[in-house]
Amino acid sequence: MNEPNDVTQDTVFQGRVKLVQPGKGLRATTDSLLLAASLDVKGGGHALELGAGSGGALLPAAWRLADVHFTGVEIDAALAGLAIQGISKNAFQGRVTLFTAEASAWAKDHENAFDAVFANPPFFEKGRISPPDNAKVGAYLESLSLKEWLKAMVFTAKPRAPITVLHRAAELARLLTPLDRWGGEITVLPIYSRPGQPANRVLVRLRKGLRRGDIRMLPGFIVYEDATSNQVRPAMQAIREGKALTWC
């Protein structure tokens with residue numbers, strides 16, 4: 001990705017977290033906030049995000065968990081540069097670090113290093129959809145297969161550490177097939193944009209190396225109140241304000 005021509009400065013959590021983002025392409029979304037809200041890391045721990053983009057999940061997560069250190073890895077130098085600007089604007093230097101690197105290559109030198117690992121990988125295999133415009137290629141099309149991405153996440157996590165991934169609900173089988181071999185306590189939270197519609201996202205969490213067991217499917221999380229309005233439900237509003245997502 002070339003240096004973005006249109007860069008915006010935005011905020012989330014009611015102005016508490018500042019973001020520097022491309023005007024088009026990989027920007028913070030509801031997905032980013034849900035991923036950031038899903039994390040639960042003990043104080044003093046160190047969490048890793050693979051594919052951090054411009055910091056749409058990384059920086060809100062760092063604000064939420066103020067006693068946790070964060071590392072982000074992003075292959076796109078322009079997006080990584082925006083994330084670094086965001087780190088500075090939020091005064092997260094010394095606690096949040098960003099590396100410009102390809103996820104699987106970077107992971108090889110960081111085995112069993114992190115207390116939590118999280119990601120929102122690109123959604124589609126190449127050839128499965130018409131190529132999006134250049135600004136969205138990195139966000140939508142896999143440059144690394146989903147299996148290899150998940151493998152890198154598991155490789156960098158400490159034994160028993162939680163690994164959390166947000167992806168398309170339609171890809172649940174592709175998520176669970178490898179993860180079921182690499183960990184246990186797998187929990188799936190379906191995400192619905194609106195009531196009465198199919199789930200369009202899933203949050204999946206497991207713990208590295210635990211014995212394989214039953215997969216736990218939670219009741220769905222619904223973002224909007226009804227089929228047409230833009231009014232979000234109270235649980236989503238709480239997440240927009242910086243609260244944690246409850247995995248019950």
Quick one: are [X] and [Y] in side-chain contact, heavy atoms under 4.5 Å?
| X | Y | value |
| --- | --- | --- |
| His167 | Pro121 | yes |
| Ser38 | Phe118 | no |
| Asn120 | Val165 | no |
| Trp182 | Lys151 | yes |
| Pro60 | Leu33 | yes |
| Trp247 | Leu203 | yes |
| Met236 | Leu34 | yes |
| Glu74 | Ser54 | no |

For [X] against [Y], the heavy-atom pair lying closest together:
| X | Y | value |
| --- | --- | --- |
| Leu59 | Ala83 | CD1-O, 4.5 Å |
| Ala47 | Phe114 | C-CD2, 3.9 Å |
| Glu225 | Pro234 | OE2-CD, 3.6 Å |
| Arg181 | Thr177 | NH1-O, 3.3 Å |
| Leu26 | Gly53 | CD2-CA, 3.6 Å |
| Ala52 | Gly72 | CB-CA, 4.1 Å |

Flag for Gln9-Lys89: side-chain donor and acceptor within less than 3.5 Å: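 Distance-only check passes for Lys89 and Gln9.
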If you measure from [atom1] on [X] to [atom2] on [Y], what distance do you get to the nearest 0.5 Å?
| X | Y | atom1 | atom2 | answer |
| --- | --- | --- | --- | --- |
| Ile239 | Arg233 | CD1 | CZ | 13.0 Å |
| Glu185 | Arg211 | CD | CZ | 12.5 Å |
| His69 | Phe92 | NE2 | CZ | 12.5 Å |
| Arg16 | Asn90 | CZ | CG | 12.5 Å |
| Leu144 | Leu50 | CG | CG | 9.5 Å |
| Ser145 | Leu150 | OG | CG | 8.5 Å |

Would you say [X] and [Y] are hydrophobically clustered, going by side-chain heavy atoms of ILVMFWY under 4.5 Å?
| X | Y | result |
| --- | --- | --- |
| Ile163 | Trp106 | yes |
| Leu245 | Leu166 | yes |
| Leu218 | Val223 | yes |
| Leu65 | Leu35 | yes |
| Leu210 | Val188 | no |

Ile222: hydrophobic cluster co-members (side-chain, 4.5 Å):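 Via sub-4.5 Å side-chain contacts, Ile222 links to Tyr192.
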Other ILVMFWY residues reachable from Phe155 by side-chain steps of under 4.5 Å: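 Result for Phe155 is none, singleton.
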Residues which pass ring pair (Phe, Tyr, Trp, His ring centres under 6.0 Å) with Trp63, listed by chain and number, not counting sequence neighbours: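 Result, ring pair (Phe, Tyr, Trp, His ring centres under 6.0 Å) vs Trp63: Phe13.
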Neighbour count above 12 (heavy atom, 6.0 Å) for Asp214 CG: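 Not more than 12 within 6.0 Å, no.
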Crowding at CZ, Arg212 (>12 non-hydrogen neighbours, <6.0 Å):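 Open.
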Is the backbone N or O of [Y] less than 3.5 Å from a side-chain atom of [X], with the two atoms forming a donor-acceptor pair by type?
| X | Y | value |
| --- | --- | --- |
| Ser88 | Gln85 | no |
| Lys208 | Ala161 | no |
| Arg207 | Arg160 | yes |

Salt bridge (charged side-chain N to carboxylate O under 4.0 Å, His left out) against Glu102, all qualifying residues, sequence neighbours excluded: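 Glu102 satisfies salt bridge (charged side-chain N to carboxylate O under 4.0 Å, His left out) with no residue once adjacent residues are dropped.
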Test log, rule side-chain contact (heavy atoms from CB on, under 4.5 Å), inputs Ile186 and Leu176: CA-CA 9 Å; Ile186 295 177; Leu176 294 181; 3.9 Å; yes
All side-chain hydrogen bond (donor to acceptor under 3.5 Å, both in side chains) counterparts of Thr71, not counting sequence neighbours: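 side-chain hydrogen bond (donor to acceptor under 3.5 Å, both in side chains) check on Thr71 returns His46.
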Counterpart residues, side-chain hydrogen bond (donor to acceptor under 3.5 Å, both in side chains), relative to Lys158 (two or more places apart):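 Expected list: Asp115.
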Verdict with reasoning, Phe70 to Leu39, per side-chain contact (heavy atoms from CB on, under 4.5 Å): CA-CA 12 Å; Phe70 284 83; Leu39 305 178; 4.2 Å; yes
From CA spacing to verdict: side-chain contact (heavy atoms from CB on, under 4.5 Å), Thr97, Ile87: CA-CA 8 Å; Thr97 305; Ile87 290 169; over 6 Å; no
Salt-bridge criterion met for Arg201 and Asp31 (N-O under 4.0 Å):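 Judged by the 4.0 Å cut-off on N to carboxylate O distance, Arg201 and Asp31 do form a salt bridge.
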Carboxylate-amine/guanidinium proximity below 4.0 Å for Asp10 and Arg27: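 Counted as a salt bridge, because a side-chain N and a carboxylate O are separated by less than 4.0 Å.
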Salt bridge (Lys or Arg N to Asp or Glu O under 4.0 Å) assessment of Asp6 paired with Lys24: CA-CA 7 Å; Asp6 179 18; Lys24 297 180 180 180; over 6 Å; no
Leu19/Thr11 under side-chain contact (heavy atoms from CB on, under 4.5 Å): CA gap, chis, key distance, verdict: CA-CA 6 Å; Leu19 301 175; Thr11 63; over 6 Å; no
